[in-house]
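Reading through the structure tokens given below for one structure.
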Amino acid sequence: MHFTHSLTAALALGGSALASPTEKRVTVGLSKAMRQRGRSFIGTALTLRDDAQELAIVENKADFNSITPENAQKWESTEPTQGNFTFEDSDRYVDFATDHRYQIHCHNLVWHSQLPDWVVNGGFDNETLIEVMHDHIKALAGRYKGRCTRWDVVNEALEEDGTYRKSVWYNTIGEAFLPLAFKFASQVDPKAQLFYNDYNLEYNGAKTDGAQRIVKLIQSHGVKINGVGFRAHMTSEPTTSSGGGVTPSQQVLSAALRRMTSQDVDVAYTEIDVRMNLPATQKKLNVQAKVYQRIAASCLAVERCIGMTIWGVSDKYSWIPAVFDGEGAANLWDEDFKKKPAYAGFLRGIHQGGNNGASL
Ligand code: XIL
């Protein structure tokens, strides 16, 4: 147990979401608490822009020790036309991590989205598309060799039913694109931890089966894969985009994570946010706090869950409202950069999760 005196006092008060007087007593930040529990990191997605308030939150080392560039390393940003590599923006994030002594979860090498038209409709065949992929990985992962803590090597290769997504990668190369991408990445940057990253793996259903199959496939080729990233774009209540579902119980979340760790890979939550139907109410924010708490607790209950990244700090800049109509308020800080009940809930999950098999 690593509880500080003040936190023990706060926990003794118990109750649902921590009220503000209690919250003040919890002085240990997110990443500090995570590292006290023997895990590696708490991160946030980052877009560098002119906002001192947002930056101050990200720069608080008690809360964060990792970043994920929100968009800067995607294919459309780094190779907009073939062989024309544009790394200026991406460099700023890698330098930010170095300057702040933060880890960096580099994101990402192979994905069907934010992928320029020259790749999607370039008429490449099996051989030439492998070459395109190899050139991109060589250039992008090669530029940051030794500096990316982790790489999302392949992002979103699965459909909801657990079959392969019919992307240009799969349609042209077949499932071999997965071990190939991991092989290229491990050759280019042997030190980086290589991750497969996807969403809706948290329900321990057909898509979770699919991710487990991917891990086995890559391993069966003798190729290195270090981890699986669970995005955790979740909801605290049924919404149109959630199809009526909500974040599963802590037991289901942990069971899904263990499906991967049983294959001898690490796991991490890589893009956590918990959206709701707008407008948010105090009651809904308290429910959201509990969801954040059980997500954190599910990670702490699994030994090889090495860290968690939230997808941005403030609701002000969250990607959710633009993509999921009428939904939002998904982050730990509100639009005015005030901590929401979810912050205390998340912190409490980090402190308590997995202790004595306690279920939250
Ligand atoms: C999102 C960004 O947050 C937005 O700014 C951008 O417009 C679209 O992409 N899964 C991922 C992330 O892996 O890269 C996505 O990020 C969110 C969903």
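For ligands, and for the atoms within them, numbers begin at 1 and follow the listed sequence. Quick caveat, the model's predicted, so the values are computed rather than measured.
Minimum interatomic distance between Q212 and M260 (heavy atoms only, all atoms of both residues): N-CE, 3.8 Å.
Within the listing of ligand 1, atoms 10 (N), 18 (C) sit less than 4.0 angstrom from a heavy atom of H233. Interface of N155 with ligand 1, defined as ligand atoms under 4.0 Å from a residue heavy atom, comprises 13 (O). Residue contact check: H107 has heavy atoms under 4.0 Å from atoms 11 (C), 12 (C), 13 (O), 14 (O) of ligand 1.
By the 4.0 Å heavy-atom criterion, W311 is counted among the residues contacting ligand 1.
Summary of contacts: the protein heavy atom closest to atom 1 (C) of ligand 1 is K74 NZ, 3.7 Å. The closest protein non-hydrogen atom to atom 8 (C) of ligand 1 is Q114 OE1, 3.6 Å. Scanning all protein heavy atoms for the shortest distance to atom 13 (O) of ligand 1 gives E271 OE2, 2.8 Å. From the protein, the heavy atom lying nearest to atom 2 (C) of ligand 1 is E70 OE2, 3.4 Å.
Considering both main-chain and side-chain atoms, N197 never comes within under 3.5 Å of ligand 1 through any nitrogen or oxygen pair. Residue contacts with ligand 1: W111 is placed with no nitrogen or oxygen under 3.5 Å of a nitrogen or oxygen of the ligand (distance criterion only). Ligand 1 has a nitrogen or oxygen under 3.5 angstrom from a nitrogen or oxygen of N71.
Ring to ring, W169 and F124 are not that close: their centroids are 6.0 angstrom or more apart. Between H105 and F195, the ring center distance clears the sub-6.0 Å criterion.
Neither the backbone nor the side chain of T47 has a heavy atom within less than 4.0 Å of ligand 1.
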Determine whether K284 and E237 satisfy the following criterion, salt bridge (charged side-chain N to carboxylate O under 4.0 Å, His left out), listing intermediate values before the conclusion.
CA-CA 8 Å; K284 287 189 190 197; E237 60 181 353; 3.0 Å; yes
Verdict with supporting geometry, D189 and K145, salt bridge (charged side-chain N to carboxylate O under 4.0 Å, His left out)
CA-CA 5 Å; D189 187 356; K145 183 180 173 184; over 6 Å; no
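Atom CG of residue L158 and atom OG1 of residue T163 lie 7.5 Å apart, to the nearest 0.5 angstrom.
More than 12 non-hydrogen atoms from other residues, nucleotides or ligands lie less than 6.0 angstrom from NZ of K207.
Salt bridge D89/R92: present, at least one basic N to carboxylate O contact under 4.0 Å.
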